[in-house]
**Q** 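Attaching a single structure in structure tokens format; questions to follow.
Residue numbers count from 1 along this sequence.
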Amino acid sequence: MVTTSVTPYHPLARALHWALALLIVGNFALGLYMADLPFSPARLQYYSWHKWAGVLVLAFSAVRLLTRILKSPPALPPAIEAAMPGWQRLAHHVTHIGLYALFFAVPLSGWAFSSAAGFPVVLFGVLPLPDFVPVSEGLADALKEAHKIAALSMAGLVLLHVAGALKHHFVDRDGLMSRMGFSR
């Protein structure tokens with residue numbers, strides 16, 4: 001057990017972390033639920049909500065990436081980093097890089113799929129977003145599969161991220177989770 005004081009993330013980074021967590025988990029659950037529903041007005045509404053949440057994920061991710069570029073995250077405390085085996089440090093970095101890539105890949109592939117399928121994204125039912133791929137059944141099929149694979153990949157990385165955080169909190173008891181908490 002390594003107990004050390006940790007430097008928290010910037011408050012904006014923490015707020016974006018938790019907003020993205022809620023949006024991503026909620027939108028993943030909604031995506032699983034709506035995918036096999038029969039065609040109905042409710043299913044169309046769920047697809048709209050799913051698209052809106054995806055656009056918010058994309059926007060929040062852009063802000064999060066920009067804040068991360070402008071304000072570097074606090075380094076892992078040396079005692080915690082020294083206590084981690086090399087494979088855990090590698091997993092830490094690869095998971096974060098993968099999550100950031102998928103923060104963009106999942107919503108963009110969904111938006112492209114919607115465009116290729118001929119269903120525009122109209123944010124909150126009032127702001128039409130541009131289609132950036134042509135309508136094409138073949139392209140829509142490929143993008144639907146890409147979106148599904150990217151979403152499942154992100155779900156897997158989210159589970160790894162949560163498992164790592166819980167390990168630090170309950171097994172190592174090193175205070176690392178407080179970096180993203182709201183106590184400060």
**Q** Of all the heavy-atom pairs spanning Pro74 and Pro8, show the shortest one and how long it is.
**A**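 Scanning both residues, the minimum pair turns out to be CG-O, 3.7 Å.
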**Q** Take Trp49 and Met34, measure what side-chain contact (heavy atoms from CB on, under 4.5 Å) needs, and give me the verdict at the end.
**A** CA-CA 11 Å; Trp49 293 345; Met34 71 184 196; over 6 Å; no
**Q** Over all heavy atoms of both residues, which pair between Ala116 and Val133 is shortest? Give the atoms and the distance, please.
**A**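 Smallest interatomic distance, heavy atoms only, reads N-CG2, 3.6 Å.
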**Q** Can you find a pair of side-chain heavy atoms, one from Pro77 and one from Leu176, that are under 4.5 Å apart?
**A** yes
**Q** Would you find a donor on one side and an acceptor on the other, under 3.5 Å apart, between the side chain of Asp172 and the backbone of Asp174?
**A**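 Here the side-chain-to-backbone pair does not exist.
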**Q** Between Phe28 and Val106, is there a side-chain heavy-atom distance shorter than 4.5 Å?
**A** no
**Q** Answer yes if Tyr47 and Leu37 sit in the same cluster of Ile, Leu, Val, Met, Phe, Trp and Tyr residues linked by side chain heavy atoms under 4.5 Å apart, and no otherwise.
**A** yes
**Q** Ignoring hydrogens and geometry, is there a side-chain-to-backbone donor-acceptor pair from Asn27 to His50 under 3.5 Å?
**A** yes
**Q** Hydrophobic side-chain clustering at under 4.5 Å (ILVMFWY, transitive links): who's grouped with Trp87? Put none if nobody.
**A** none
**Q** Strictly distance-based, threshold 3.5 Å: is any side-chain N or O of His161 a donor or acceptor partner for the main-chain N or O of Thr95?
**A**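 No.
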**Q** I need the Ser114 OG to His147 NE2 distance, nearest 0.5 Å.
**A**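 These two atoms lie 9.5 Å from each other.
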**Q** Under 3.5 Å, is there a donor-acceptor pair between the side chain of Arg179 and the main chain of Tyr9?
**A**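 No, the answer is negative, given that no donor and acceptor are paired below the 3.5 Å cut-off.
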**Q** Is the closest side-chain heavy-atom distance between Leu127 and Val122 below 4.5 Å?
**A**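 No, every pair of side-chain atoms sits at 4.5 Å or beyond.
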**Q** For residues Ala117 and Ala140, report the shortest heavy-atom separation together with the two atoms involved.
**A**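 Nearest heavy atoms, Ala117 then Ala140: N-CB, 3.8 Å.
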**Q** Compare every heavy atom of Pro130 with every heavy atom of Trp111, then report the nearest pair and how far apart it is.
**A** NE1-O, 3.1 Å
**Q** Taking the side chain as every heavy atom from C-beta outward, state whether Leu123 and Lys51 have any pair of such atoms under 4.5 Å apart.
**A** no
**Q** Does OH in Tyr33 sit with more than 12 non-hydrogen atoms of other residues, nucleotides or ligands closer than 6.0 Å?
**A**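 No.
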**Q** Same cluster for Phe124 and Phe60 if Ile/Leu/Val/Met/Phe/Trp/Tyr side chains link at under 4.5 Å?
**A**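 Looking at the clustering, Phe60 is in the same group as Phe124.
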**Q** Report whether Val57 and Val162 are members of the same hydrophobic cluster (ILVMFWY, side-chain heavy atoms less than 4.5 Å apart, transitive linking).
**A** yes
**Q** Counting C-beta onward and ignoring hydrogens, is there a side-chain heavy-atom pair between Ser40 and Tyr46 closer than 4.5 Å?
**A**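 No, too far: nothing below the 4.5 Å cut-off.
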**Q** Measure the CG-OG distance between Leu20 and Ser61 for me, rounded to the nearest 0.5 Å.
**A** 4.5 Å
**Q** So, does Ser178 use its side chain to make a donor-acceptor pair with the main chain of Gly181 at under 3.5 Å?
**A** no
**Q** Counting distance only, does the side-chain N/O of Arg173 pair as donor-acceptor with the main-chain N or O of His168 below 3.5 Å?
**A** no
**Q** Is His96 reaching over with its side chain to a backbone N or O of His92, donor-acceptor style, under 3.5 angstrom?
**A**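 Yes; at least one donor-acceptor contact below 3.5 Å.
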**Q** Would you check if Val6 and Met177 make a side-chain contact, meaning some heavy-atom pair closer than 4.5 Å?
**A**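 A side-chain contact under 4.5 Å is absent here.
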**Q** To the nearest 0.5 Å, what is the distance between CG (Leu157) and CZ (Phe103)?
**A**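 One finds 9.5 Å between CG of Leu157 and CZ of Phe103.
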**Q** Could you tell me the separation between the CZ atom of Phe113 and the CG atom of Asp141, rounded to the nearest 0.5 Å?
**A**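 With rounding to 0.5 Å, CZ (Phe113) is 8.0 Å from CG (Asp141).
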**Q** Verify the cluster assignment for Leu16 and Tyr100: are they in a single hydrophobic cluster under the rule of side-chain heavy atoms below 4.5 Å apart?
**A** yes
**Q** Answer yes or no: is there a donor N or O on one side and an acceptor on the other, between the side chain of Trp18 and the main chain of Met180, under 3.5 Å?
**A** yes
**Q** Taking all non-hydrogen atoms of both residues into account, name the closest pair between Pro107 and Gly54 and its distance.
**A** CB-O, 3.4 Å
**Q** Among Leu99, Leu159, Ile149, find the one that has a side-chain contact (heavy atoms from CB on, under 4.5 Å) with Met154.
**A** Leu99
**Q** When rounded to the nearest 0.5 angstrom, what is the spacing between CH2 in Trp52 and CG in Leu30?
**A**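 If I round to the nearest 0.5 Å, the distance is 11.5 Å.
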**Q** Pick out which of Leu66, Leu65, Thr67 makes a side-chain contact (heavy atoms from CB on, under 4.5 Å) with Val63.
**A** Thr67
**Q** Does Ser115 reach the side chain of Val121, with side-chain heavy atoms less than 4.5 Å apart?
**A** no
**Q** Pair Val135, Phe119 - check side-chain contact (heavy atoms from CB on, under 4.5 Å), show working.
**A** CA-CA 9 Å; Val135 174; Phe119 297 105; over 6 Å; no
**Q** Give the C-alpha distance, both sets of side-chain angles, the deciding distance and a yes or no for side-chain contact (heavy atoms from CB on, under 4.5 Å) between Lys71 and Leu12.
**A** CA-CA 10 Å; Lys71 173 108 174 91; Leu12 179 58; over 6 Å; no
**Q** Nearest 0.5 angstrom please: Leu56 CG to Ile24 CD1, how far?
**A**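 One gets 11.5 Å once the value is rounded to the nearest 0.5 Å.
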**Q** Less than 4.5 Å apart, any side-chain heavy atom of Leu44 and any of Phe39?
**A** yes
